[in-house]
Amino acid sequence: MSAASWLPLSPGERSVAIEVLVHGPLSRTELARRLGLSAGSLTRLTKPLIETGLLVEVPDAGGAEARQGRPSQPLDVVADSRSFIGYKITADMVYGVVTTLRSEITARHDRPLTTHDPAEVAGLLGEMTAELIREHPRVAGIGIGVGGLVEDRATVGENPFLGWRDVPLAALVEERTGLPVVVENDVAALVEAETWFGAGRGLDRFVVLTIGAGLGYGLVLGGKRVPNTEEDRGFGRHWIIDPYGPLTPDGARGSAVSLLTIPSIRYQIRAASGRDLGYEEILALAAEGEPMAARVVEEAARALGTLVAQISNFVMPQKILLAGEGVGLMDVAGKTVHETLRAHRHPLAMPVDLETKVSDFHDWARGAAVLAIQVLVLGATDV
């Protein structure tokens with residue numbers, strides 16, 4: 001059985017498979033209730049999924065149906081029946097993970113990126129894939145997350161960190177691995193992973209806000225990510241938080257980007273003191289009360305509180321997940337963030353459920369693997 005043998009799924013079959021994958025194991029009665037299906041319709045939809053091995057019947061754990069004397073054979077996926085590789089490419093590293101069908105990470109493998117030549121980067125991904133397959137031979141596909149604009153889940157239209165334009169990355173990696181490949185904007189991939197298997201599971205309205213080398217934003221409405229043709233093409237660069245705020249070489253004065261991103265914070269410290277400090281060093285100095293670092297970090301915290309409040313006022317999400325390599329800001333100045341957030345909300349407004357995820361680039365790689373599961377296994381074209 002291969003990943004291809006699970007395709008194509010009809011919309012109804014796909015709905016059943018996704019419901020079991022994300023929420024299973026589920027009894028047929030519960031599954032029919034969740035999807036609004038009759039018993040006959042559910043049987044018709046599940047039969048081919050069982051025959052191809054995507055779903056299996058598992059023993060009942062002693063639920064209500066069993067207690068009432070009716071036979072119950074819940075449906076589930078065999079999570080470790082296939083593995084998926086996810087890669088996150090940054091300017092100087094490739095982070096790789098192997099996941100199960102339910103996106104549980106079973107292995108990690110990272111390599112430094114010493115060149116931005118597309119063919120050589122694809123060659124490196126081919127080498128990493130070969131190493132991972134030796135330990136995990138049942139790999140069914142690859143997902144790759146990159147910053148910037150991605151077209152048709154195959155071509156990197158523009159990536160400012162790698163200096164790429166119109167790079168057919170999926171084809172280059174497929175050529176070197178023999179596996180199907182899905183390429184996607186890294187923030188979009190992270191949002192999909194959190195929607196299906198993380199902080200946004202089961203939520204109707206959900207937002208992911210990432211802080212790092214840039215700002216990323218993902219919106220989920222009706223339980224589905226809202227596609228954005230401008231993903232990672234400058235979110236926050238023209239969102240002015242403080243018109244009298246700092247100016248950076250590549251951002252408007254007082255924009256969310258100029259106040260919040262790691263390069264901008266480092267630039268402000270360097271411009272004011274002549275010291276080239278790392279982000280963690282700046283946060284540590286701010287925590288110790290060093291005046292310059294404390295001022296810059298407090299400004300960033302107020303900007304973050306304002307940004308979260310504005311998103312909440314307009315979108316009214318049930319939860320906002322704050323992620324990315326810049327979330328250490330919350331550890332040092334979280335109180336300022338929450339105070340500013342409350343100040344920019346109506347006094348009677350519901351408190352914002354702001355969750356901070358301490359994560360690394362392997363979470364982004366996992367997101368890419370989830371995209372591979374969605375597209376290559378389930379044939380989902382609307383994610």
Side-chain angles (χ1 to χ4, degrees), residues 1-9 14 17-24 49 52-56 76-89 94-111 122 124-146 150 153-154 169-198 201 225 359-383:
M1 180 182 65
S2 67
S5 70
W6 294 332
L7 303 176
L9 301 183
R14 188 179 304 126
I18 290 172
E19 198 69 25
V20 175
L21 178 64
V22 176
H23 302 288
L49 300 177
T52 58
L54 182 54
L55 298 185
V56 295
D76 202 2
V77 298
V78 182
D80 57 359
S81 61
R82 283 293 184 270
S83 297
F84 296 83
I85 293 175
Y87 291 118
K88 157 67 175 172
I89 304 176
V94 176
Y95 298 86
V97 299
V98 178
T99 79
T100 68
L101 192 54
R102 277 213 167 97
S103 86
E104 296 142 333
I105 294 176
T106 58
R108 294 173 171 82
H109 181 43
D110 309 331
R111 292 274 291 274
L124 176 63
L125 294 176
E127 294 173 9
M128 294 175 69
T129 299
E131 291 183 40
L132 289 169
I133 287 177
R134 278 197 288 272
E135 295 294 325
H136 303 271
R138 296 174 67 82
V139 171
I142 298 170
I144 302 173
V146 295
V150 176
R153 296 208 171 100
L169 186 60
L172 291 172
V173 177
E174 286 177 356
E175 193 177 290
R176 289 158 175 78
T177 63
L179 290 168
V181 176
V182 176
V183 182
E184 186 54 281
N185 169 268
D186 51 6
V187 175
L190 181 67
V191 173
E192 292 289 353
E194 292 296 332
T195 301
W196 273 31
F197 300 109
R201 186 166 67 169
R225 181 179 65 87
S359 58
D360 59 21
F361 285 118
H362 296 107
D363 287 303
W364 298 79
R366 170 179 171 261
V370 169
L371 254 297
I373 293 168
Q374 291 177 331
V375 176
L376 301 177
V377 177
L378 300 175
T381 58
D382 57 348
V383 297

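None of the values given here were measured: they were computed from a predicted structure.
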I want to check something: taking the side chain as every heavy atom from C-beta on, are [X] and [Y] in contact at a cut-off of under 4.5 Å?
X    : Y    : value
R176 : E127 : no
V183 : V173 : no
L125 : T177 : no
R108 : V97  : yes
R366 : E194 : yes
V139 : L132 : no

**Prompt:** For V77 and L55, what are the C-alpha separation, side-chain angles and deciding distance, and is it a side chain to side chain contact (heavy atoms under 4.5 Å, CB included)?
**Reply:** CA-CA 5 Å; V77 298; L55 298 185; 3.7 Å; yes

**Item:** Pair K88 + D360: basic N to acidic O under 4.0 Å
**Value:** no

**Prompt:** Can you check side chain to side chain contact (heavy atoms under 4.5 Å, CB included) on V20 and L49, steps first, answer last?
**Reply:** CA-CA 11 Å; V20 175; L49 300 177; over 6 Å; no

[X] and [Y]: which non-hydrogen atoms are nearest, and at how many Å?
X    : Y    : value
D110 : G96  : OD1-N, 3.3 Å
A372 : G143 : CB-N, 3.8 Å
L179 : E174 : O-CG, 3.1 Å
R111 : E131 : NH1-OE2, 3.0 Å
L101 : F197 : O-CZ, 4.2 Å
V370 : S103 : CG2-CB, 3.6 Å

**Message:** When you measure from the side chain of Y87 to the backbone of I142, do you find a donor-acceptor pair of N or O atoms at a distance under 3.5 Å?
**Reply:** no

**Prompt:** Do T100 side-chain atoms and D80 backbone N/O form a donor-acceptor pair below 3.5 Å?
**Reply:** no

**Prompt:** Are H136 and I85 close enough, and set up right, to give a side chain to side chain contact (heavy atoms under 4.5 Å, CB included), and what steps lead you there?
**Reply:** CA-CA 10 Å; H136 303 271; I85 293 175; over 6 Å; no

**Message:** Let's go through R102 and D76 carefully: what are the C-alpha distance in whole Å and the side-chain angles of both, what is the deciding distance for side chain to side chain contact (heavy atoms under 4.5 Å, CB included) to 0.1 Å, and is it a yes or a no?
**Reply:** CA-CA 11 Å; R102 277 213 167 97; D76 202 2; 2.6 Å; yes

**Message:** Taking salt bridge (Lys or Arg N to Asp or Glu O under 4.0 Å) as the definition, give me every residue that meets it alongside E175, ordered by chain and number, with sequence neighbours left out.
**Reply:** none

**Prompt:** Between OG1 of T99 and CD of E104, what distance do you get to the nearest 0.5 Å?
**Reply:** 8.5 Å

**Message:** With rounding to the nearest 0.5 angstrom, report the CG to CH2 distance, L371 to W196.
**Reply:** 9.5 Å

